[in-house]
Every structure is written in structure tokens, then in C-alpha cells.
2 protein chains.
Amino acid sequence: MQRGTFQQMKSVNKSIILNKIRTSEPISRAQIAKETTLTPPTVSSIVKELIVQGIVRESELGASQGGRKPTMLLIDQTAFYVIGVDAGPESVACILTDLSGEVIERTASKINKPITNEQFIAIMKESIHQVMRSSSVSKDKLIGIGVAMHGVVEVEAGISLIAPNLGLTNIPIKMELEAEFNLIVQVENDARAMALGESWFGGHGELESMVAVNLGRGVGAGVVIKGKLYHGSQDIAGELGHMTIDIHGDVCECGNRGCLQTFATGKAIAGRARKEINGATEMLTGKDVFQHALAGDEAYIKILQETGEMLGVGLTNLIHLINPEKIVLGGGVTKSKKFILPAVKQTIDQRVLTPVAKRTEVAITNLGDDATLLGAVSLLLVDLFDPL
Amino acid sequence: MQRGTFQQMKSVNKSIILNKIRTSEPISRAQIAKETTLTPPTVSSIVKELIVQGIVRESELGASQGGRKPTMLLIDQTAFYVIGVDAGPESVACILTDLSGEVIERTASKINKPITNEQFIAIMKESIHQVMRSSSVSKDKLIGIGVAMHGVVEVEAGISLIAPNLGLTNIPIKMELEAEFNLIVQVENDARAMALGESWFGGHGELESMVAVNLGRGVGAGVVIKGKLYHGSQDIAGELGHMTIDIHGDVCECGNRGCLQTFATGKAIAGRARKEINGATEMLTGKDVFQHALAGDEAYIKILQETGEMLGVGLTNLIHLINPEKIVLGGGVTKSKKFILPAVKQTIDQRVLTPVAKRTEVAITNLGDDATLLGAVSLLLVDLFDPL
DNA sequence: CCTTTATTATAACATAGTTAATTAAGTTAA
DNA sequence: TTAACTTAATTAACTATGTTATAATAAAGG
């Protein structure tokens, strides 16, 4: 717990006002005072500071409500910029955005394996240098670099502990990038970054809690509670992929049986199709299953529906433990949402314990391919807009 | 988010100081200032208020550190009293304790079924009246009544939505008791109350997060994060009992298959013993299984070990989702801890993903039979000591 | 045009923490 | 024993920041 000081009192109010403007812009000072229960003078004085800082600006006057016209306030989305990096198993993508998440510049570099820690860091550095060079954004307007890294990440230290798909361990990302660029660097697991991005840019409004699930090569999830990522005590909260739902099921790469991952990844879907469908080729991929299902082949449709059911079982367990207000699904597998989503929803509806819990919303992300990159960006936006 | 005001700033500091005294008593003002980074005058002035309120008192002088002797401060455990009610499926237990959880008075009343909402409320009221009469504690020293209620509880409204073992629904506990006694009333699910009690009285020190699991008639859990119960968005977070771990397993009373409850309750243990062991009687109970195991019967020991393994699977799922610092097991089934606990620990150790997660502590409660009652009490102590 | 009402700013005030000085009550060593 | 030093707690002056009350401004409506 933070101790109570004047600075803290003020920064609380500053955050409240800044977030109110962000979520309700354009908005007048008087309106802010009403909606936040802060007094008008307090709002005025803090808004004045925010304007000096450049993060808020006055726009034209709004419509009068029967008296003086209000001066409307806006976030100056171009006051600051952020760099987001998505360090996946096959490539490093990098974007530079303004505060609204609008992409100003982007790059992507393929990773040639095998690779060393040094080479990997070098690729990240070069990507970041590149977006900085290509854009005309001056460096003092950059507030930091957010990195979404696959694998296991130690968040505080900013170290990638295990990056299985690169075969690397203990990469000191934060330290290296801070030394190179002299900017704030935040490193986070990719599924979790995606979750934060989803809560920040996904248009879900103010949720008390949400979970975003990334269905791709693995099954990862991020838990966002009151706008903040929940890490757990050892940074593994949300490790949905290796939840056991069938103790007698197939062996997972982790060594256990019946993990959710053995049902819900693209690879698992393809594997099950090859096993259960006569005439399925050896080279069948998850995408192929989707194509066949789209073409109306019942056998493949059934595979996808079963996938949805298993996912529904896993998500029901998640609802019973974490009970989020909303669950958002993203990642490659959600391309098959037409077949999977109804099965997921139906399964949850059947299995969940109480009637109220049935109200848990389940939706597909609408951020598309940039979800993780925007998540990386949001790591820093949270610092700026909601630091408490 | 609370807006920043002077009152709030002060109450933050008051809480910090009060909790510091509670956890580190006896402690001097100077020591508090050092450990909290508050300034000495701030500490002095707030301590003065706490002494006027009666909740803190000065004790004898401490040992000198080379200068003036410090006046040590203590919580006056008898400054206020709390009533805790455990409304179980078969009886209503009620205690009156001081602030340290020391039981001053207690009652227990059996519930004769069938019963109506009105009769049930009447029993609770009578129990509470009884402990108040029997003790010499004056009513203005009572800060409130905490109720640990089995089944599904809507916490804010203080309503027992579903009490399956009583066959009752929608019991307006909070409303009724507040009207009768004119005291603050907090109602909570029993497993969750137990969890809070465990974190408050269990002697675990300051944990960032913990989960307490109640293994009895059902399997319930409470999640405590930063000293506060985590409810989730619909008050069902921690519903561990109906986590699916074996989709093809036995049918559970909830209608699904392979819930943790089908493995880890006393009834489930007895049922599995009857099925798998030749010569087991039809009337075998969970207790009997424990007795046979204690007597060295390998077949029964195996049943308990398997129970521990299944519980370990469920707890591994929990660790992967919530990642608590510590897991505490309580309830009737833990009487068999000798056979179950090693299996639980070993299973978690085998199945958990990352090496750090293996460090999650798993322990048996040391609060014994009063765990739930003390949990009910702690519902109010949190309000008093840590209201933020 | 005057009254009403909404918006914003300003001034006087209140709250509560901070800094620095002071008092209190010891310990240590010449 | 007493001077010099430590540590503990209080007091006084100061500062930061929110609050209340009031004023200034601007628009709408009769």
C-alpha cells in the first residue's frame, strides 16, 4: 500500500481526470467535475497542468445547455508516442503509435534460427531503430518501449526466462533496450500483453475484469482486473493452455495428459482430424480443416465443434475460478469462429453452475493481427494514464 | 477508484499505522515511522487519535537503543468485540470474540429440517442474542456480525441465494440481522470466509495472495489477494469443486462429469472405496476409509493417495490460473492429511509448468474446527483494520 | 434588454503532511 | 559525576492541496 501524501492525493485526482477525458472526450471541465465528484476548482487546476504538459488540449466550444458554452477538452493523441514490439517465435514486429494506438510506422523482421541471445537482441534493437528513423517523431516525444515476448517472462526484471520456440533462455531484454535507447522498457508475456491491449483498445468499455485468450501455437491467457494485468505470485497466472481437463487424454508436450492445448491449438485440431477422418492427408494443417469445414464437410465441421466444446470446458473452469466479466478469444484458431464460437458458448451455458454466471460474455477479438502489438503499446499507456 | 481527498489521505495513513501495530506489536512510534516511511509527527498525531478511540494503548517502556526508551504501543484487543456465525447445513454455530479472535462466548444450535426461511433466520437471531446475553460485553463495544453461510451468497446485498443443503433460497440475512441488532452485518460464503480467516488468523505472515480450500461435504475455495477476498464479477470466483478434470469421469451432482468434487469429498472417497475394494460394506463412510488406512490397509491407503493425486491435479490447474503464493487445505477430509497431503504435493510438483511455480506452498490449516467461525469474525476485522 | 443559468476562474479557508527545532530521557566514557 | 552523545516524542512554522464561496463571463429565453 502506498502511504498517503499530498503528491499521491494529487496524482490520484490527476489520473481520474485524465482517464475521464480519455474515455469521454470531448468533455468540459464542468462535466468532469460532475462525473467524478471532484470540485470545479480542483478540476480546473489539474487540467491546467495537463495542458501545460501537452497531453490535453482545448478544442472548440461545445453546445450550450442554457448558459455559457463549455470549452471541450481532448487528449492530444500526438503529444506522445510509444513503440510496441511483438517478439514471436518466427519474427519480430515493431510499431510506433500515437497515444490513440494509431500506427505511424511499422517494421517486421524474420528470425533465422538457430539464433543466440545477442543476435536476438540485435534484431530487436535494429527494428526499433528502424521505426524511429522512418518516422519523423522526435525522440523526446517517445515515452517508452513495450515488448510482448512469447514464452515465460519475469516481468519486474524484464527478462525472458524461457523462449521455447527460439531455444533461448534468460534474455535480459529490459536491461539491453534501456541501455540502448534510454527509454522506459516494459516486457510482458505476449498473451498477457494481448489481454491488456484488448482491454485498452478493444472497445469493451469499463470492465471490472476480463480474460483474453490467445489460441494459436499454444493457448495462453491474460487476466485483467480493474484495468491492470494480474500476474500472480510467480508471473504464471493465466496459464490456461496446460489446464488438465481430461486426465486420461492425449499426452501434451508438457508431459501431462489432457491439457487444453491438446485440444485447442491449430496443430491439435489438425492432429485430431488426421486421426478421426478417413482420407485426411498426412500434411493436413489447422487451416485446411477450416477450409474443409467452410466447404461444408460435416466431418471437419464436427472436429471444429468438438474443439469448441473442449475450449468451453476449459473456459468454464476458468469462469469458476476467476469469474471474469468477459472473455475475449484471439489468435489464429479464432479464424474458425463460425464453427467454434457457438460450441464454446453452448458448452459454457450448459456447464456453468449458477444462472448469473451464464451471463459471462464470450466474444472474438476485433483487434485482428495487431492485437499483440497494440498490447505491447498498452503496457506503456497504462503507465501514463493509470499509474496507481 | 476513490478520488483523492484529505480524509482519504488520512485514512490511508491511519490504516497503515494500525496494521503496522497489529502485525508488529509491541512497537514504538519511532519504529512505526521508520518502517512505514511516515514522518514522526504524522505517526504521533494519528496514534493519539487511535488511543482516544481506544483501539490502541501504550504499554510499558521498551529497551533503550542507546537513547530515550521508546513507549511501546499495543492493540487493545478488548476495545471491541465481534460476533461470528457459521450457518452450516446442520447447525448454526455462533461465537463472540475480541479483536484477537479470542473466543469469549459460544453457542451452537441444531437445525431441524425441513425448515423455512423465517425459522432459519429465527435460529440465527436467537443464537446471537444468546452469546450477547451470556457475555458481559456491552453492546456499544460490538462492531458487527459476520455470517459464513454455506451455498451461494450475494455478498453486497447479504442474501443467501441458494442454500442447497437446507433447501432454501433467497434468505435476506443481512437485512434481517441489521434490523434486529442495529449492527454492521457482513455475509459471505463459508469457504471464502474460512479463507479470509485463514489469512487473518492462520499465522502465514503477509502473503501477496493465498487460496484456502475447504474439503468437506463439497469442495469450496476462497481467494485472498492482498488481504482482501476476491469475488469475481458474479461472486463465484473460487468455485473449485466443479472444476472439470476428467471429462469422461463420473457424473457429479451438478450434472457434469469428472468435477473435482467427484474425487475429493468424504462421500466421493467412500463411494470409490465401496466400488473398488472387495469386502467394503455398503455403509462405509469417508471416516471409515481413514480408519482403515490408519490401520495399515493398503487398499484404503491407495484410495486416499489417489484422492490426493486428483486434488493435486485440480490444484495444479488452480496454480496455473490464479498462481497464489500459498494454498491452505481445511475441512473434514484433511483429517486424512497423512495420506493425502504427500500425494497432493508430489502431484503438483510433477505437473506444474515452471520451476518457480513448484515453490507454491501447500499446507493444512491450523485453525481446526473454528476456521469458518473465525473467518466470519474476520469479515468485520478487515473492515476495522484494513478498510481501503 | 434583463433575468436566468451554465461555465470557468479566483480568493479565502481548511486539512493534513513536512521540516526543523525542542524537549525528554536515556547511555557512554572521561 | 558530569559532559557529550543517542534516541524518542512533541511542538511550531510551513507548505501543498482540496473546499467553499463568490465573482466574472457568456449564452439562452422571455
Side-chain angles (χ1 to χ4, degrees), chain A residues 1-18 20-21 24-53 56-74 388, chain B residues 1-18 20-21 24-53 56-74 388:
Chain A
M1 196 192 330
Q2 270 270 38
R3 68 185 218 278
T5 97
F6 291 100
Q7 282 173 34
Q8 194 198 322
M9 172 166 69
K10 183 162 191 179
S11 87
V12 166
N13 289 335
K14 205 164 183 172
S15 272
I16 291 173
I17 291 173
L18 192 51
K20 177 51 79 181
I21 299 176
S24 313
E25 66 174 359
I27 187 172
S28 69
R29 292 170 176 81
Q31 194 66 22
I32 293 171
K34 254 180 225 146
E35 295 184 17
T36 60
T37 75
L38 293 164
T39 58
T42 301
V43 174
S44 277
S45 97
I46 289 178
V47 164
K48 194 182 285 174
E49 279 184 41
L50 291 170
I51 289 175
V52 169
Q53 279 180 252
V56 167
R57 63 188 174 79
E58 296 184 329
S59 73
E60 77 298 342
L61 301 182
S64 163
Q65 312 280 81
R68 172 173 170 179
K69 283 185 183 171
T71 26
M72 304 310 268
L73 302 169
L74 297 171
L388 306 177
Chain B
M1 198 192 328
Q2 270 270 41
R3 66 187 222 278
T5 103
F6 292 102
Q7 283 173 33
Q8 194 199 318
M9 171 165 70
K10 184 162 191 180
S11 85
V12 167
N13 289 335
K14 204 163 182 172
S15 273
I16 291 174
I17 291 174
L18 192 52
K20 177 52 81 182
I21 299 176
S24 312
E25 64 175 0
I27 187 172
S28 69
R29 292 172 178 79
Q31 195 63 22
I32 294 171
K34 255 181 224 144
E35 295 185 16
T36 61
T37 75
L38 292 164
T39 58
T42 301
V43 174
S44 277
S45 98
I46 288 177
V47 164
K48 194 181 287 175
E49 280 184 41
L50 291 171
I51 288 175
V52 169
Q53 280 180 251
V56 167
R57 63 188 175 81
E58 295 185 329
S59 72
E60 76 297 345
L61 302 182
S64 165
Q65 310 283 81
R68 170 175 171 178
K69 283 184 183 169
T71 18
M72 307 309 269
L73 302 169
L74 298 171
L388 305 176

Report the distance from atom [atom1] of [X] to atom [atom2] of [N], rounded to the nearest whole Å.
| X | N | atom1 | atom2 | value |
| --- | --- | --- | --- | --- |
| B:Gln7 | D:dT17 | CD | C1' | 14 Å |
| A:Ile27 | C:dA6 | CD1 | C1' | 15 Å |
| A:Gln8 | C:dG17 | CD | P | 11 Å |
| B:Met9 | C:dT18 | CE | P | 8 Å |
| A:Ile17 | C:dT8 | CD1 | P | 13 Å |
| B:Glu49 | D:dT10 | CD | P | 14 Å |
| A:Lys10 | C:dG17 | NZ | C1' | 15 Å |
| B:Asn13 | C:dT18 | CG | C1' | 12 Å |

Task: Upstream residue (5' side of DNA chain C) when A:Gly4 and A:Pro40 are each assigned their closest nucleotide - done: A:Pro40

TODO: Kindly give the heavy-atom pair with the smallest separation between B:Leu73 and B:Glu25, and that separation in Å.
DONE: O-CB, 4.0 Å

- [ ] Would you name the heavy atoms of A:Thr39 and A:Ala33 that are closest together and state the gap between them?
- [x] C-CB, 4.3 Å

Open item on the list: Once you apply a heavy-atom cut-off of 4.0 Å, does B:Ser28 come out as touching a base, just sugar-phosphate, or nothing?
Closed with: sugar-phosphate

Proximal nucleotide (of [options]) relative to the [X] side chain:
| X | options | answer |
| --- | --- | --- |
| A:Thr39 | D:dT17, D:dT20, D:dA9 | D:dT20 |
| A:Pro41 | D:dA9, D:dG18, D:dT20 | D:dT20 |
| A:Pro70 | D:dA9, C:dG17, C:dT8 | C:dT8 |
| A:Ala30 | D:dT20, C:dG17, C:dT8 | C:dT8 |
| B:Phe6 | D:dT17, D:dA9, C:dT18 | D:dT17 |
| B:Thr42 | D:dA9, C:dG17, C:dA9 | C:dG17 |

Under 4.0 Å from OP1 or OP2 of [N]: is there any side-chain N or O of [X] that close?
| X | N | answer |
| --- | --- | --- |
| A:Lys34 | C:dT7 | yes |
| A:Thr5 | C:dG17 | no |
| B:Arg29 | D:dT7 | no |
| B:Thr71 | D:dA8 | no |

Open item on the list: Can you tell whether the side chains of A:Glu58 and A:Arg29 come within less than 4.0 Å, N to carboxylate O?
Closed with: yes

Task: Atom CD of B:Gln7 with >12 non-hydrogen neighbours under 6.0 angstrom - done: no

Task: Separation between CD1 of B:Ile17 and CG of B:Leu38, rounded to the nearest 0.5 Å - done: 5.0 Å

